[in-house]
Protein chains: 2
Amino acid sequence: MNKADLIAQIKQKSSFLCVGLDTDLEKIPAHLLELEDPIFEFNKAIIDATAEFAVAYKPNIAFYEALGPKGWASLKKTLDYIPKEIFTIADAKRGDIGNTSKLYAKAFFEQMDFDSITVAPYMGRDSVEPFLEFEDKWVILLALTSNVGSQDFQLLTDKNETPLFKNVLRTSQNWGNEDNLMYVVGATRGEKIGEVRKEVPDHFFLVPGVGAQGGSLEEVAEYGMTKDCGLLVNSSRGIIYASNGKDFAEKAQKAARSLQKEMAALIEKYMG
Amino acid sequence: MNKADLIAQIKQKSSFLCVGLDTDLEKIPAHLLELEDPIFEFNKAIIDATAEFAVAYKPNIAFYEALGPKGWASLKKTLDYIPKEIFTIADAKRGDIGNTSKLYAKAFFEQMDFDSITVAPYMGRDSVEPFLEFEDKWVILLALTSNVGSQDFQLLTDKNETPLFKNVLRTSQNWGNEDNLMYVVGATRGEKIGEVRKEVPDHFFLVPGVGAQGGSLEEVAEYGMTKDCGLLVNSSRGIIYASNGKDFAEKAQKAARSLQKEMAALIEKYMG
């Protein structure tokens with residue numbers, strides 16, 4: 001998917017909601033466990049219930065990989081079920097030397113047909129570039145994550161007081177551009193998002209950590225939104241596990257609709 | 001596997017050779033492609049031919065993941081075929097927020113029974129610790145890699161002229177110890193390995209980049225070897241693709257034996 005199509009969809013739905021499909025056999029409603037592929041059945045119901053409000057779906061690959069070959073089959077079926085106009089993110093956090101990253105790119109962009117993949121920057125340019133060689137596919141590079149451990153290295157500053165995450169932002173702009181490169185930017189503090197936005201005024205951000213992880217949507221929009229929106233804000237547990245009863249899809253829809261409404265107001269306020 | 005068992009095996013075989021199972025359908029001998037599971041058949045023959053000389057096997061997960069569910073099945077069969085006394089490394093370079101890393105840990109330590117997994121440090125402590133909670137399992141943390149892109153961030157220095165890879169070494173020693181934590185240390189320059197060895201005198205290193213990637217085994221041993229060896233040196237292409245004819249296993253064995261002989265001499269010289 002290209003940037004224009006993504007923006008068009010955001011405008012059409014008045015939403016920048018990404019639904020995280022972190023689907024866990026231990027958390028999905030018990031009545032689904034009797035079915036042949038409970039993971040897919042759960043995802044299908046969630047997609048049906050939320051597609052109207054979501055512009056992106058993001059399966060975290062760990063949840064599928066942990067189930068072995070069966071999990072990969074559920075992932076593939078899920079991906080194929082997502083409506084084509086919705087952006088898809090393989091939250092895989094891969095990254096390896098060049099020819100190996102090429103294989104990961106093939107796995108997620110060819111074997112499966114994801115629009116994008118999250119990539120870890122530690123190994124540098126030649127670990128990221130193979131993903132950037134696919135047309136209309138995106139790298140979403142980890143910049144500033146929302147977990148406690150993000151402070152261990154991402155905030156380490158160099159001689160010029162530049163923290164590592166800013167060096168990642170600056171250096172990686174020589175690798176890709178706003179049409180094939182986004183950044184993961186945690187939502188734990190609004191002003192941090194503003195710092196990142198100054199570095200990369202036009203790139204899209206994938207923002208985890210709103211909702212269950214505690215970030216404020218209003219702050220994310222205030223500090224991060226651009227004229228093209230420039231944001232995909234993820235919610236996983238707050239939507240997909242809104243209920244663990246038979247009404248899980250209905251409750252997921254309600255949660256997604258509620259977030260979309262907030263987002264519509266923020267688009268109105270900041271995107272102008 | 002615990003450290004004592006690994007050291008015992010190194011001493012018994014006079015070898016610190018790790019064979020990288022980067023098995024690629026495009027590179028394996030054509031006659032195998034007719035079989036039902038060419039990847040497994042290739043690996044099986046390579047393992048049979050080299051187990052006498054190798055103390056570790058390291059499948060790079062990308063090669064299997066790129067083949068979809070079938071690839072995972074080949075990987076599982078390969079892992080189950082490796083003799084139990086040989087150390088196994090899932091070269092997966094994973095790393096995610098805590099509960100997700102836990103799932104990756106389950107995938108590689110429980111679903112499959114790898115002894116260790118390579119992990120990327122960018123997300124910090126809570127992305128690594130879940131892997132360290134498994135008994136007799138190991139994290140092999142990326143410190144200084146051997147690719148060109150390693151210079152982009154790993155060598156960035158802070159105010160005290162400490163490069164990022166040393167900060168990774170220092171900080172991560174609060175997370176694990178020499179019994180459950182190793183480091184990936186590229187072999188492109190011997191003196192760099194010496195720098196790392198000063199930081200972590202007793203931890204094992206996994207050294208890629210000897211052979212096809214051009215590092216010198218003699219230098220690696222000179223700068224990196226400890227009284228317990230402290231080294232696993234990987235060779236992939238130089239062994240597994242020594243020939244692409246019907247004699248591939250025989251040629252792989254020859255290449256592995258030749259490396260093992262060099263290693264035996266270095267153990268004699270430096271391990272004291």
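Order of the sequence lines fixes the chain letters, A, B, ..., with proteins taken first and strands second; residue numbering starts at 1 for each chain. All values derive from a computational prediction rather than experimental measurement.
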Worksheet item: Should the heavy atoms of other residues, nucleotides or ligands under 6.0 Å from CD of B:Glu191 be counted, would the total exceed 12?
Response: yes
Worksheet item: How many angstroms lie between OH in A:Tyr64 and CG in B:Leu103, if you round to the nearest 0.5 Å?
Response: 11.0 Å
Worksheet entry | Part of B:Phe165 lying under 4.5 Å from any heavy atom of chain A | both
Worksheet item: When heavy-atom pairs shorter than 4.5 Å are enumerated against chain B, which of A:Gly124, A:Pro69, A:Gly98, A:Ser150 gives the highest number?
Response: A:Gly124
Discussion item. Quick check for you: among B:Glu161, B:Lys159, B:Lys76, B:Gln154, which has the greatest number of heavy-atom pairs under 4.5 Å with chain A?
Written reply: B:Gln154
Worksheet entry | Contacting region of B:Thr100 [heavy-atom separation from chain A under 4.5 Å] | both
Item to complete: Please state whether the side chain, the backbone, both or neither of B:Leu142 comes within less than 4.5 Å of a heavy atom of chain A.
Response: both
Worksheet entry | Neighbour count above 12 (heavy atom, 6.0 Å) for B:Lys77 NZ | yes
Worksheet item: For B:Tyr183, which residues count as a ring-ring contact (aromatic ring centres under 6.0 Å, His included) partner, sequence neighbours excluded?
Response: B:His203
Item to complete: Pick out which of A:Asn147, A:Asn60, A:Thr145 makes a side-chain contact (heavy atoms from CB on, under 4.5 Å) with B:Ile97.
Response: A:Asn147
Worksheet item: Which one of B:Ala73, B:Gly68, B:Ala62, B:Gly95 has the most heavy-atom pairs closer than 4.5 Å to chain A?
Response: B:Ala62
Discussion item. Let's test your reading of the structure: which of B:Arg125, B:Lys106, B:Arg94, B:Glu129 forms the most heavy-atom pairs below 4.5 Å with chain A?
Written reply: B:Arg94
Fill in: Validation row: B:Trp175, A:Asp152 side chains within 4.5 angstrom (heavy atoms)
yes
Worksheet, complete the sentence: Between A:Ala107 and B:Ala66, the two heavy atoms sitting closest are CB-CA, 3.7 Å
Fill in: Heavy-atom pair count under 4.5 Å with chain A, highest-scoring of B:Thr162, B:Asp24, B:Asn160, B:Val148
B:Val148
Worksheet entry | B:Val168, part contacting chain A, at a heavy-atom distance under 4.5 Å | both
Practice prompt. Heavy atoms only: give me the nearest A:Phe153-B:Asn167 pair and the separation to one decimal.
Written response: CE2-O, 3.6 Å
Worksheet item: Is B:Lys93 salt-bridged to A:Asp96, going by a charged N under 4.0 Å from an acidic O?
Response: yes
Item to complete: For the pair A:Asp158 (side chain) and B:Thr157 (backbone), establish whether a donor and an acceptor sit closer than 3.5 Å, ignoring hydrogens and angles.
Response: no
Worksheet, complete the sentence: Okay, B:Leu75 and chain A: the region with an atom under 4.5 Å from a heavy atom over there is neither
Worksheet item: Residues of residues 110-123 of chain B under 4.5 Å from chain A (heavy atom pairs)?
Response: B:Gln111, B:Pro121, B:Tyr122, B:Met123
Worksheet item: What option among A:Asp91, A:Asp22, A:Ile61, A:Leu67 has the most heavy-atom pairs under 4.5 Å with chain B?
Response: A:Leu67
